[in-house]
Amino acid sequence: MLNVTGVLKRLVIGRAMRSEELGETLLTKRLALPIFASDPLSSVAYATQEILLVLTLGGLAYLHFTPWIAAAVVALMAVVVLSYRQVVHAYPSGGGSYEVVSRNLGPSAGLVVAASLLVDYVMTVAVSVASGVDNIISAVPGLNPYRVLLALAFVAILTAMNLRGVRESGRAFAAPTYLFIGGVIIMVATGLIRYVLGDAPVAESAAYGIHAEPGDQHLAGMALVMLVLRAFSSGCTALTGVEAISNGVPAFRKPKAKNAASTMAAMGIIAVVMFVGVTALAIVAKVHITEDSCQLTGIDGSCDTFTQKTVIAQLASSVFGGDHSIGFYFLQTVTALVLILAANTAFNGFPLLSSILAQHRYLPRQLHNRGDRLAFSNGILALAVVAGALLWAYKADVTGLIHLYILGVFTSFTLSQLGMVRHWNRALRTEPDPAERRRHQSARVVNALGAVVTGLVLVIVLITKFTQGAWLAVVAALALWVMMRGIRRHYDATSAELAVEDPREQLVPPSRVLAVVLVSTVHKPTLRALAYARAFKPHRLEALTVAVDKPATDDLQRRWQELDVSVPLKVLASPYREITRPVVEYVRSMRRDSPRDVVAVFIPEYVVGHWWENLLHNQSALWLKSRLLFTPGVMVTSVPWQLTSAARADHPSRRAPGSVRRGEPDGAGAVGDPRS
């Protein structure tokens, strides 16, 4: 019979890959750029918009601050890119900010960075997908009621593509990223050339007026400073994902560090050119956009039902000749695609970082395991589930999600640059070569400047966004930090408890082995369990049953005598028809009578081949084992009896690739109950 689950898995994920094929998944710079840099490149689609949304809170009068804020964002991006190029060369193993901070500022500070980045990766997926859906709705407003469903569907598609492996996802996502870059550059160049020639494009919102929010008119002094700082912090979303390349250095082809640094430089240049171009074009076209449509004046119809187009959509419409032009639909399509695919940066960064944390015993070890396609499948699935839940909770609303964003990334920026300053200080103490010392000193200046600038931005982001919802990201990062420390304590305590101090003490045999075979009826599994128990040659062997049904128990005793089974049968009374409690108490009483003895409990079980067959059998054996495993001095042994369906399910042709590696034959493993 066809294994439908296995076939679907192979269709979605592809064939399983051998561990030796890991080298085939390494990336060229051409593929690495769309994989690791799609987030900062795609943020061009909304970074300018976020600046304008904040400035228009005070009305049109404050839009003249836009170029100055954009210049500050560009300067900050240049500093951060230069700083992370230093990180790539100094720490090419792929830990990125986490490794830099852990080595130079200590494990606790490293965990702060790790927790902040993990939260920010989740936000990257949520914001990128929600923003992509926003652009789709700008082109097709009728899809607005299906916003959340579309967002969740895109997360599912991204998850499936990444489960196929890094290289596979890179091939699929490269074209939309490069088409987006080309489309934006063509739009900006066309719009600015038209401006120079005296035919400046005009956005559809240029004719709209804006009512300032109450209390935001005629701002001055500290209030004006706060408005500008808030706009700057919103524009800093252009920097999200910049650190992903430093985390993904191991995924590059050799020379890894050089290729990663070159890719980061290309990303920085392209992102700056696009961001500056879109911002300049938005100023030229007089784009007006607000958080609340009812702040706009001069619109047609009710403001409650009016849907504002995104900045990119308005610019494409004004440059290419309306919202029904080919250029408009092309740019909206590639923008929506690249915004959704920007989440791929997180789908690569999150699993890599969580794998390193799992290797360091700060997260469950399963996150360090590679799946059939040599991707960190468990990390990919965990990211998808959390990001999907966030999109559902916030109804895929970009404005609501954006306030939770970028806090974590600037925490990692600041601490990693401080860590690099300490790294260069340490290197300078031992470096005798004058040329190398000058290089180290120059690098230290770059990282020190980066630490100061990103630290200031972190403070600004905290002040301006904390009450807007960023407190939730802080709480999430703090909870994750506490959880990771708790996981590490557990693993450390477990290792210490299991460590062998004196092998002679562990090899002392027990005084006696007392064997108990659990019996519900006389059938083949019972007889096999008895034979298996005899093979151990215990000092004492007995069969044990619980009298929950008197006629059934009487029949069991009669059959036992008829078959002349040489093992004594002990019957435990159970007036309340319990099975687990009487057995556990009896086994514990055997231990109390002889503390130096070991009690071996043999449980006959039968294995079924289909999931639905499990529903036809109760799980008393599982309950018994779960209780007995907590009893010191008790060894529990399952004696399986495979039914015909299990034998068929275990046929090699029905095994999914990866199941044998995990020791889990496809379809087998269902536990029957000795009392069924």
Side-chain angles (χ1 to χ4, degrees), residues 17-41 80-104 110 113-114 117 121 162 164-171 173-174 177 241-271 344-360 367-368 370 373-376 379-380 412-413 416-417 419-420 423-424 427 436 439-440 443 446-447 450:
M17 299 179 69
R18 299 172 63 88
S19 299
E20 294 81 3
E21 297 179 86
L22 183 61
E24 298 178 16
T25 67
L26 297 180
L27 303 171
T28 62
K29 289 178 284 187
R30 177 179 57 82
L31 283 179
L33 184 68
I35 288 175
F36 290 112
S38 55
D39 182 19
L41 293 178
V80 170
V81 169
L82 287 173
S83 299
Y84 269 97
R85 279 173 55 85
Q86 308 282 5
V87 172
V88 166
H89 286 295
Y91 295 93
S93 60
S97 299
Y98 166 69
E99 184 177 0
V100 171
V101 175
S102 296
R103 289 194 183 186
N104 296 288
V113 168
L117 281 176
Y121 282 137
N162 279 279
R164 293 184 68 90
V166 174
R167 192 175 181 84
E168 291 272 359
S169 63
R171 286 171 175 164
F173 301 159
T177 303
V242 169
E243 81 295 335
I245 291 177
S246 66
N247 292 334
V249 177
F252 283 80
R253 286 185 177 175
K254 294 180 180 180
K256 295 178 181 290
K258 181 181 178 182
N259 287 337
S262 299
T263 304
M264 181 165 281
M267 174 206 69
I269 293 169
I270 295 171
N344 199 54
T345 297
F347 272 104
N348 285 280
F350 184 98
L352 279 170
L353 180 56
S354 60
S355 169
I356 293 171
L357 290 167
Q359 189 178 11
H360 295 172
L367 292 171
H368 185 56
R370 292 183 183 269
R373 298 290 294 179
L374 300 178
F376 296 109
I380 291 170
S412 70
F413 284 171
S416 67
Q417 300 317 304
M420 286 301 295
H423 167 82
W424 297 123
E436 282 297 306
R439 191 178 71 81
H440 291 348
V446 171
N447 290 127

Q: Contact between Val249 and Tyr91 at the side-chain level, heavy atoms closer than 4.5 Å - yes or no?
A: no
Q: Side chains of Met420 and Ser83: does their closest heavy-atom pair fall under 4.5 Å?
A: no
Q: Nearest 0.5 Å, please: how far is CD in Glu99 from CG in Asn104?
A: 9.5 Å
Q: Do you know which two heavy atoms are closest between Ala271 and Leu41, and how far apart they sit?
A: N-CD2, 3.8 Å
Q: What heavy-atom pair brings Leu353 and Ala114 nearest, and what distance separates the two atoms?
A: CD2-O, 4.0 Å
Q: From Lys29 NZ over to Asn259 CG, what is the distance, rounded to the nearest 0.5 angstrom?
A: 5.0 Å
Q: Quick one: side-chain contact (heavy atoms from CB on, under 4.5 Å) partners of Leu82, sequence neighbours excluded?
A: Val446
Q: Any chance you could measure Ser262, atom OG, to Leu33, atom CG, to the nearest 0.5 Å?
A: 11.5 Å
Q: Please check: side-chain N/O of Ser355 versus main-chain N/O of Pro351, any donor-acceptor pairing under 3.5 Å?
A: no
Q: Nearest 0.5 Å please: distance from the NE2 atom of His440 over to the NE2 atom of His423.
A: 7.0 Å
Q: Which pair of non-hydrogen atoms, one from Met267 and one from Pro40, has the smallest distance, and what is that distance?
A: SD-CG, 3.4 Å
Q: Mark yes or no for whether Arg253, through its side chain, and Thr28, through its backbone, hold a donor-acceptor pair below 3.5 Å.
A: no
Q: Can you list everything that forms a ring-ring contact (aromatic ring centres under 6.0 Å, His included) with Tyr84? Sequence neighbours excluded, please.
A: Phe413
Q: Minimum heavy-atom separation for Gly379 and Ser354, please, with both atom names.
A: CA-OG, 4.2 Å
Q: With under 30° as parallel and over 60° as perpendicular, where do the rings of Tyr98 and His360 fit, or are they tilted in between?
A: tilted
Q: Measure across Val113 and Ser412 and return the closest heavy-atom pair with its distance rounded to 0.1 Å.
A: CG1-CB, 3.7 Å
Q: If you take all heavy atoms of Val100 and Ser416, which pair is closest and at what distance?
A: CG1-O, 3.4 Å
Q: How many angstroms lie between atom CZ of Arg85 and atom CG of Asn447, to the nearest 0.5 angstrom?
A: 12.5 Å
Q: Starting at CD of Gln359, measure out to NE2 of His368 and round the result to the nearest 0.5 Å.
A: 4.0 Å
